[in-house]
Every structure is written in C-alpha cells, then in structure tokens.
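Here is the structure we will look at, set down as structure tokens.
Letters go in sequence order (proteins before strands), and every chain restarts at 1. Basis for what follows: all heavy atoms, side chains included, without hydrogens, waters or symmetry-related copies.
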Amino acid sequence: MQHRLRFAPSPTGQVHIGNIRTAIFNWLAARHMGGKFILRIEDTDLERSTKEAIDTLLECMEWLGLDYDEEVLYQTTQAQHHLDAAKKLMDDGNAYPLGPVTEHSPILFRIPVFCDDFPFVRTVGPASYTLAPDTAVEISGGGLKFTTLSPKGKPVENQACLAGFKDLAVLNAAGQTLFALTDDKLNDILGNGAVETVEHAASMTFTRREVFYDDMVKGHLSKPLDSMRDFIIVRSDGSPVFHLANVCDDITQNITLIVRGDDHVENTYRHLFMFQTLGAQVPSYAHLPMIVNAQGKPYSKRDGDAFVGDFRDKGVLPEALFNYLTLLGWSSGDNREKMSREELVEAFDLARAQHSPAQFDAVKMANLNGQYIAALDPAVFRERAWDFAAAYPWRESVDRAKFDAVADLMQTRTKLMTDLAAWTYFFAVPVDYDPKGVKKFLTPEPMRAALAKAAGAFDSLPENDPKAVEDALRAIETADGLSQFALNQPVRVAVCGITVGASIYETVVCIGVKECARRIRAALAATA
RNA sequence: GUCCCUAUCGUCUAGAGGCCUAGGACACCAGGUUUUCAUCCUGGUAACACGGGUUCGAAUCCCGUUGGGGAUGCCA
C-alpha cells in the first residue's frame, strides 16, 4: 500500500519552526516510504487566515525544498462535505444537538455506546466510583453527571460520555442497586431522549472500556472511556469544528498516516471514533514531541525569533535549517549529524523519533550552518553571498569581481550569512579603529615608523601578488630590527580597523595595495 | 481536580537486561598547528531525576514519587 501523508497547517500569521518541523517529518516519512506528501491548508478560521499568511507558508516550504504532491486542498472548499458528514452522524445516532433543539443548537459527537466491536476499543474490567454522600446521578443521552469527593473531601462535579459506563449500576449507601443501565433503559435514553436522575446515590459500578492505538513514535497508547466526553463538531452558527473538518478531509484525501504534534494525542482518541462511525479506515498515527525554547518552555507568540523567515533573514541556509530541525527529536542512530537530504530520506524512520520535547539550540545550529557554508562550492557561495549582501548598502558600489575575491577569501570563516555585514572594510575605508588594536599596534613609535615604510613599499608593489606583500613586510621588519610577523597586525588594524580576519597578505591584495598604502597613511594620521 | 504523555552530560542525542568504567555532537577548558581570528588536530570537565521492586545482573522491565508538557474550548 502506498502511504498518503499530509501537512495541514492553519495559515494564521508566521510559520513557526515547530510547525515546519512537522512538515519536514511528514515530508521525510513520505519520501522515505515512497508515499505521497500532500498539503492541506486549514483556512476555516476566516478571522485569522489571510492571503499573506498563505503566501508566507508557501514561500517557507519552497525555501526549504518541501515539495508536495497533488493539488493543495483548501479546507474552506470542503464545508459542504463537513456538514454532510455531520448529517450522516446525526442520522445514525452518532451525533445529537445540545440542549433544547433549536436552529442554533450546536451538534455533539456521541462516543458510541455500542463500540465493543470497534478494533480500537477493549474492555479493561470492572470499575467503580465512590460518590459524594447523598448526591444525584444524572444519566442521559449526553452522558453522565455525578459528584465525587476530592482527596481533600470537597465535592467535585464530573461529566463523562455514556459510552464510558457499560453495565452501569448506581448503588445507595447500603449497597443496594438504585438503578441499572439495562438495554431497555439505554434504548429509552438514546431513542426517546429520556433522562434518568438517581437520587441518594453513594457509589456506582461499571465495566470499564478503553480506546487504544499504537502510535508510531510513542508506542501503545490508551485512555479509559469514562474519562472522555462527547464533544462539539458543529458550532451554533452552523460551522464545523476542527475535529469534524480535520477528520472529514483526512477521509476525502485518503490519508493513511498522520504525523503531527503530540498536543493532538488526546484528539486522536476522539478522532478514532469519528473515522469508524463515518465508515472510514482509521489511519496510522505518529505524534511528535514539541520543540521548546531556550528556557525549556513551549514557544509562544512572544518568542518572535522562532519563525522560519527569521532564520532566512539571519543568514541560515535552508539545507542547514532543514538538517538541524531533523536532529531535534530524531537521530539516525549511527552518530551522523550532518546529512544530505538524500541521506535523510534514506535513513528516516519515525520509530526512531524521540518521545520527549527537544530544546532549540541556536549555537549548535549556527555551527551546522557554518559546516554547510564551508562545504558550498565556491561559485555557489559567491552567488549566495552576493544575493545576501543586497541587504547591505555598501554592495551598490562594489565591483562584482572584487566581491567574488572577498567571498573566496572569507567563505571558510563565515558561520551565518549575516557575517557578511562585517565585510565593509574590504570595500570602504574603516570609519573607526578597534581601540585595543590601536593601543597595541598603532601607538608604539617603532611600529608607526615601520608602517610608514610599508605604505611607501606598497606604493610600488604589483597588484594581486600576496607573496610580494609578505616579502615587503618581512624586509621592513628586518631593516627595522622588528621580530618576524610583528608588522602583520599593525597593517591589519590600519587597513581593516580590526584585529581579526583572513590572511593579511590576501586581505591586502583583495583591497588593493595602492588603496592599502593610502589607508595606512590615513590611519597613521587619524591616530597621531 | 481528573485524564493523557514524558524524564541519559548545560543542550541535541546513542543506548531494546550483561557489549556501559554510559558513546557521539554542540558549547566549555587545556595543549598543538597557524602571521591575527577562524578552521584543523590532541586531550579534558560533564549525565542515567528520586525511591522501591523483578532479575545472578537494570540507564534499559514493573510500581510509586517528583519535575516538565498536553488535554479537559462553540481554538486548531
């Protein structure tokens, strides 16, 4: 069977790394299994879904190379399907209007009472609740209402679905049965809307059942039915709720494997019943743990730095972000970290995903990004750097050939593309000089004298000959009785304004020896 | 409150009862290479949340505690 997976985001603003990580895992799983990766845009929240948000989403996916199969399905186009499904559920007795029936009654999905044959329901065994003394139990088509005692002795109101209480018996303090949920009673309740209220109840017993499934990442998962409640699938304004729309679309799109955030685990227990009652095959599930911020907390709207677009703006390469995100909550198992897209597709396995949240580490990501930049073909790096430098005003007046030379020189020491911001000195006279550098390298008289000589030597040096620059500096050092290499840093500070950078000989050549001669004189004058 | 999920170095992780004296990566520290910085090389600091149990043997299985997250919406 060919698997069909989907990424189904709500386009409500920016694209979050948590969201895109879900997209990546879906994409990887689909490509690994040779299945389909489908994009569905859940744009039913008309208030918050905007054209801009959709464009941003599409852009982010393209930037990361997340190509999808088939046409994008916009959920708003499916409204009629959703309502038809709700109608079917109502007709089959699997959904009912809340409260007194009016045109504006919201519709609830009823966890089916007769569900013993469902493949994802099993009987756990006998169970009981002790109730708060002398309280009532209400049994209706909407479920049970009863009052228990908290450990501190306070009464606590409980509500649960009818399906949770198979073979229910309500007892009084003496242990006598006050009420038994027979098939007749059940039919009365379900068929005629009868409401049974049992007063003076002390306890109740029932057969506990649970819903269970095998999560591809979390393993065996289950939840007792008596801890579940019926839930709304159509609002009072007639619009379908997430649960309905989501499940319906998964059915119409024949989705076979759902990979999503583990905040949906609880929903899965409910959706299983919906697939079943809608007559559809239930899909497989894989729930991914969340990505959390540097404080170990879930990302919130406040964490403005977790948007995919921000990483692009900060100079992160898409392939590096893609790779780094796969490392959050997943590992190959063989110590490989920097992996190509092909390697990832080959190695990807949902069963190897982590069960607990992963913290995003911007430093490690920058390191990975540096590895990707270093590995780039120089011609590609020149191109990308040129494009990225468009953000900086100095690029306008820069000669492309010179820029390429600088790019070649600086590639291996670039971690983030934003590092290019510091390349200004290659193209313009430094406006200020690093104070520590000035104190150490431009202040001592012997240095200043030697620097002046260097300027003179540079005047008559051939361009594009780093060896000549090196020889010239060595000659001056020897003549002035300075130690070898003593002039390198002074030249760097005078020419670049800073103390760190690539080989000074290469740097001088990049800037131009004549220009450097001028800069040295200017620096000497500025620091006199 | 109830229910669900979860727990290995600071961080991402390896680990499927004996290969564990717990491995790798980032970060950090020390040394080396280097004209500065970065790269690179070598070495180092650093973790099985806690308490019970099962077993000849537990990071690994079970129970409990604690911590974290989620659900409990006419949000998705």
A:I511 versus A:C496, closest heavy-atom pair with distance
CD1-SG, 4.4 Å

Name the pairs: protein N/O against N/O of nucleotides 27-34 of chain B, kept only if under 3.5 Å.
unit_1: B:A27; atom_1: OP1; unit_2: A:N367; atom_2: ND2; d: 3.4

When the P atoms of B:A47 and B:C4 are compared, how many Å lie between them, rounded to an integer?
34 Å

So, is A:R208 close to the B:C3 phosphate, meaning a side-chain N or O under 4.0 Å from OP1 or OP2?
no

Of all heavy-atom pairs between A:C161 and A:L225, which one has the smallest distance, and what is that distance?
SG-O, 3.4 Å

Close N or O pairs between protein and nucleotides 43-49 of chain B (under 3.5 Å):
none

Nearest-Å distance once atom P is located in both B:G67 and B:C28
34 Å

Rounded off to whole Å, could you give me the CG-to-P distance for the A:L288 and B:G70 pair?
16 Å

Which is true for A:L327 with a 4.0 Å heavy-atom rule: it touches a base, it touches only sugar-phosphate, or it touches nothing?
sugar-phosphate

Classify the ring geometry of A:Y213 against A:H287: parallel below 30°, tilted from 30° to 60°, perpendicular beyond 60°.
perpendicular

Just how far, in rounded Å, is C1' of B:G10 from CD of A:Q359?
9 Å

Expressed as a whole number of Å, how far does the P atom of B:U35 sit from that of B:G44?
28 Å

Separation of B:A25 C1' from A:Y324 OH (nearest whole Å)
11 Å

Gap in Å between the two P atoms, one belonging to B:C12 and one to B:C5, rounded:
22 Å

Identify, with sequence neighbours excluded, every residue that meets salt bridge (Lys or Arg N to Asp or Glu O under 4.0 Å) alongside A:D250.
A:R6, A:R40

Taken to the nearest whole Å, CE/A:M290 to C1'/B:G69 is 9 Å

P gap between B:A59 and B:A16, integer Å
13 Å

Under a 3.5 Å cut-off for both contacts, is B:C3 paired Watson-Crick or G-U wobble with anything, and if yes, with which nucleotide?
B:G70

Nearest-angstrom distance from the residue atom CD of A:E337 to C1' of B:A14:
11 Å

Could you write out each protein N or O paired with an N or O of nucleotides 73-76 of chain B at a distance under 3.5 Å?
unit_1: B:C74; atom_1: O3'; unit_2: A:R235; atom_2: NE; d: 3.4
unit_1: B:C74; atom_1: O2; unit_2: A:S236; atom_2: N; d: 2.9
unit_1: B:C74; atom_1: O2; unit_2: A:S236; atom_2: OG; d: 2.8
unit_1: B:C74; atom_1: N3; unit_2: A:S236; atom_2: OG; d: 2.8
unit_1: B:C75; atom_1: OP2; unit_2: A:R235; atom_2: NE; d: 2.8
unit_1: B:C75; atom_1: O3'; unit_2: A:R235; atom_2: NH2; d: 3.3
unit_1: B:A76; atom_1: OP1; unit_2: A:R235; atom_2: NH2; d: 2.5
unit_1: B:A76; atom_1: OP2; unit_2: A:R235; atom_2: NH2; d: 3.0
unit_1: B:A76; atom_1: OP2; unit_2: A:F242; atom_2: N; d: 3.1
unit_1: B:A76; atom_1: O3'; unit_2: A:S10; atom_2: OG; d: 3.0
unit_1: B:A76; atom_1: O3'; unit_2: A:E42; atom_2: OE1; d: 3.3
unit_1: B:A76; atom_1: O2'; unit_2: A:S10; atom_2: OG; d: 2.9
unit_1: B:A76; atom_1: N6; unit_2: A:N267; atom_2: ND2; d: 3.4
unit_1: B:A76; atom_1: N1; unit_2: A:N267; atom_2: ND2; d: 3.2

Say you pick atom C1' in B:G10 and the same atom in B:A27; how far apart are they, in whole Å?
8 Å

Pairing check on B:A49: which nucleotide meets the Watson-Crick or G-U wobble criteria with it, both distances under 3.5 Å?
B:U65

Closest contact, heavy atoms only, A:S105 versus A:P97
CB-CB, 3.8 Å

Please give, in whole Å, the distance from B:C3 C1' to A:M228 CE?
10 Å

Mind jotting down which residue pairs meet the side-chain hydrogen bond (donor to acceptor under 3.5 Å, both in side chains) criterion with at least one end in residues 139-151 of chain A? Sequence neighbours excluded, please.
A:T148-A:N158

Let me know the distance between NZ of A:K297 and C1' of B:U11, rounded to the nearest Å.
17 Å

Quick one: A:Q371 CD to B:C12 P, roughly how many Å, whole number?
19 Å

Below 3.5 Å is the cut-off: list the nitrogen or oxygen pairs between protein and nucleotides 4-9 of chain B, distance only.
unit_1: B:C4; atom_1: O4'; unit_2: A:E266; atom_2: OE2; d: 3.1
unit_1: B:C5; atom_1: O2'; unit_2: A:K218; atom_2: NZ; d: 2.7

Does the ring centre of A:F231 sit less than 6.0 Å away from the ring centre of A:H243?
yes

Where does the angle between the aromatic ring planes of A:W423 and A:F426 fall among parallel (under 30°), tilted (30 to 60°) and perpendicular (over 60°)?
perpendicular

Using a heavy-atom cut-off of 4.0 Å across all strands, would you classify A:G296 as base, sugar-phosphate, or nothing?
nothing

Mind checking if A:A502 touches a base, just sugar-phosphate, or nothing, with heavy atoms under 4.0 Å?
base

With sequence neighbours excluded, what pairs up with A:H82 under the ring pair (Phe, Tyr, Trp, His ring centres under 6.0 Å) test?
none

If you count every heavy atom of other residues, nucleotides or ligands that lies below 6.0 Å from A:K338 atom NZ, does the total exceed 12?
yes

Return each pair, listed once, that meets side-chain hydrogen bond (donor to acceptor under 3.5 Å, both in side chains) where at least one residue sits in residues 489-508 of chain A; pairs must be two or more places apart or across chains.
A:R474-A:Y505, A:N488-A:Y505, A:Q489-A:R492

B:A71 and B:C9, which share atom name C1', separated by this distance in whole Å
32 Å

Under a 3.5 Å limit for both distances, which nucleotide forms a Watson-Crick or G-U wobble pair with B:C28, could you say?
B:G44

With sequence neighbours excluded, residues passing salt bridge (Lys or Arg N to Asp or Glu O under 4.0 Å) with A:D214:
none

Would you mind telling me which residue lines up with the more 5' stretch of RNA chain B, A:S331 or A:N158, judged by nearest nucleotide?
A:N158

A:P298 has a side chain; which of B:U13, B:G69, B:U36 sits nearest to it?
B:G69

Examine the base of B:U36 for any acceptor or donor lying under 3.5 Å from a partner atom in the side chain of A:T499, and report the outcome as yes or no.
no

Say we look at B:U36 and B:A22: how far apart would their C1' atoms be, to the nearest angstrom?
40 Å

Test salt bridge (Lys or Arg N to Asp or Glu O under 4.0 Å) applied to A:K415 - qualifying residues, sequence neighbours left out
none

Heavy atoms under 4.0 Å, any strand shown: does A:R352 hit a base, just sugar-phosphate, or nothing?
sugar-phosphate

Not counting sequence neighbours, which residues clear side-chain hydrogen bond (donor to acceptor under 3.5 Å, both in side chains) with A:E337? List them please.
A:K364

With side chain to side chain donor-acceptor pair (under 3.5 Å) as the test, would you mind laying out the steps for A:N246 and A:E42 before giving the verdict?
CA-CA 8 Å; A:N246 190 259; A:E42 304 206 333; 2.9 Å; yes

Hits for side-chain hydrogen bond (donor to acceptor under 3.5 Å, both in side chains) against A:D237, two or more places apart or cross-chain, chain-then-number order -> A:S239

